[in-house]
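First comes the structure, then the notes that go with it.
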Number of protein chains: 2
Amino acid sequence: MPQGSVSRKVRAAQTRAALLDAARGLFSERGYLNTKITDITAAAGRSTGSFYEHFAGKEELLQALLAEMEGAIDTRMRGLEHPRDHDLTDREQLRDHLDVAWTVMRQNRPVALALFQAMVADDPGTGRAWRDLREQTSTIREHLEYLVERGHRLPGDPEFVAASMGAMLVTLNYALLTPPGGEDAPDVVDTLTDLLLYGLTGPAPRAADGT
Amino acid sequence: MPQGSVSRKVRAAQTRAALLDAARGLFSERGYLNTKITDITAAAGRSTGSFYEHFAGKEELLQALLAEMEGAIDTRMRGLEHPRDHDLTDREQLRDHLDVAWTVMRQNRPVALALFQAMVADDPGTGRAWRDLREQTSTIREHLEYLVERGHRLPGDPEFVAASMGAMLVTLNYALLTPPGGEDAPDVVDTLTDLLLYGLTGPAPRAADGT
DNA sequence: GTCTATAGGCAGATAGAC
DNA sequence: GTCTATCTGCCTATAGAC
């Protein structure tokens with residue numbers, strides 16, 4: 001393989017990375033929908049035409065960002081078992097799950113923001129919103145199904161309950177991208193944990209027996 | 001006042017109403033973001049120029065639709081007292097509130113859809129998402145504040161808890177605009193009531209005393 | 001107030017030289 | 001692969017006749 005060819009590949013990869021980086025920055029600043037392809041190429045210091053050598057359009061670039069993020073998460077999670085039999089009615093375990101989800105969204109702000117906007121901007125008839133919600137909550141759903149199998153009684157269908165939890169999380173994350181009080185509320189995860197675990201009635205002393 | 005002038009006013013009102021009607025239909029079919037002003041005028045059987053005689057733009061038309069909806073609700077609710085001291089930890093009262101909210105969104109599908117898309121499409125930096133969520137949940141927030149005043153312990157700040165409940169509601173509504181299984185799930189309100197009231201642990205037997 | 005016609009401004013996407 | 005240049009289509013918004 002000739003050297004020139006290698007160098008070419010490297011430069012191509014650099015351009016691709018530059019586009020992805022620029023996109024992240026712009027998505028975070030102005031949002032996904034308000035960012036034009038020409039904005040991205042300009043910020044990356046590349047030409048408009050160069051963009052289409054790497055991505056068919058903005059949506060495909062977003063999928064690439066998503067893949068990158070998922071790759072990074074998988075790497076960090078490597079080796080950590082994630083068995084199906086977590087008990088989400090255990091406060092610590094529920095809190096862990098919510099904390100991971102929240103942290104991932106916060107640490108990947110541009111991607112989370114863009115995915116949410118893309119989900120909502122899509123023609124509602126396509127059903128993308130429900131599909132996205134469903135996919136993003138598949139882990140929670142499995143844990144809930146496990147609970148049901150063990151005889152626990154949930155407020156409703158596990159799939160729907162999981163989607164409801166996800167809807168709350170992603171929408172709050174979006175709404176809090178610009179923190180209302182200036183700084184990010186520190187106890188979001190704890191509050192949501194308690195709300196989802198015990199509801200408005202709050203943790204209450206249980207009867208001794210399981211009647 | 002001359003007759004010609006009256007007739008003119010009437011026709012203007014008809015055009016305005018036709019535009020609003022057409023917008024409702026198109027928003028419901030294709031969504032707010034994908035509907036162009038020219039689509040609305042075409043569907044209403046009017047010219048493009050006519051639109052700007054009544055609205056400065058699409059967003060202003062949406063605000064008009066919102067005002068219309070709120071007017072209709074106020075009319076229906078006229079005479080019904082809505083005191084601040086509702087107890088949302090009472091299942092029936094919480095269910096009633098969620099049911100009203102859900103029914104309003106379902107019966108005003110185009111407006112609810114459009115408002116949600118408009119909220120998300122706005123530049124995130126404006127903080128519109130949080131503001132909208134806050135406003136739409138002001139009633140719930142007041143009830144929760146009332147509970148806190150009476151000594152009840154909530155999972156967190158009433159404003160944030162109310163916003164969380166609202167986030168869940170409006171996002172699920174949006175995701176379920178195209179029902180996944182074909183028909184609309186009938187027990188959405190009941191499931192959300194139980195989830196928000198008791199959480200994942202479900203209603204449980206309480207201890208006899210309040211220790 | 002409503003119409004026709006059009007100006008004007010993007011922004012997506014491609015052609016062709018290097 | 002990357003660039004410059006451009007074409008194309010779409011949509012907002014206005015001008016001017018009726």
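Reminder, nothing fancy here: chain letters follow the sequence lines and each chain counts from 1.
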Item to check | Euclidean distance, atom CD of residue B/Gln14 to atom P of C/dT2 [Å, nearest integer] | outcome: 9 Å
Checklist entry - Separation of A/Phe51 atom CZ from C/dA11 atom C1', in whole Å? => result 12 Å
Checklist outcome for this item: A/Asn34 atom CG is separated from C/dC10 atom P, nearest whole Å, by 14 Å
Checklist entry - CZ of A/Arg76: more than 12 outside heavy atoms within 6.0 angstrom? => result no
Checklist entry - B/Arg46 side chain: which of D/dT2, C/dT2, C/dG1 is closest? => result C/dT2
Item to check | Residue pair A/Val161, B/Leu200: steps toward the side-chain contact (heavy atoms from CB on, under 4.5 Å) verdict | outcome: CA-CA 9 Å; A/Val161 173; B/Leu200 296 176; 3.8 Å; yes
Next on the checklist: By nearest atom, which of the nucleotides D/dT4, C/dT2, D/dA13 is closest to the B/Thr15 side chain?
Outcome noted: C/dT2
Item to check | From D/dT12, C/dT2, D/dT2, nucleotide with atom closest to B/Glu53 side chain | outcome: C/dT2
Item to check | Which nucleotide in C/dG12, C/dG1, D/dT12 has an atom nearest any side-chain atom of A/Thr38 | outcome: C/dG12
Checklist entry - Looking at D/dC11, D/dG1, D/dA13, which one has an atom nearest to any side-chain atom of B/Lys36? => result D/dC11
Next on the checklist: Testing the 3.5 Å rule here: is there a donor-acceptor pair between the side chains of A/Ser28 and A/Arg109?
Outcome noted: yes
Next on the checklist: Tell me the interatomic distance from B/Glu60, atom CD, to D/dA13, atom P, rounded to whole angstroms.
Outcome noted: 11 Å
Item to check | Verdict with supporting geometry, B/Val111 and B/Phe27, side-chain contact (heavy atoms from CB on, under 4.5 Å) | outcome: CA-CA 8 Å; B/Val111 183; B/Phe27 290 171; over 6 Å; no
Checklist entry - If you check the A/Ser47 side chain, which of D/dC3, D/dA13, C/dG12 turns out closest? => result D/dC3
Item to check | Between D/dT8 (C1') and A/Tyr52 (OH): distance, integer Å | outcome: 12 Å
Item to check | Whole angstrom value for the distance that separates C1' of D/dT12 from CG of B/Leu61 | outcome: 15 Å
Checklist outcome for this item: From CD1 of B/Ile40 across to P of D/dT12 the rounded distance in Å is 9 Å
Checklist outcome for this item: Rounded to whole Å, CG of B/Asp39 lies from C1' of D/dC10 at a distance of 11 Å
Checklist outcome for this item: In this structure, OG1 of A/Thr126 is separated from CE of A/Met119 (nearest 0.5 Å) by 11.0 Å
Checklist entry - Can you tell me if the side-chain N/O atoms of A/Ser50 get under 4.0 Å from OP1 or OP2 in D/dC3? => result yes
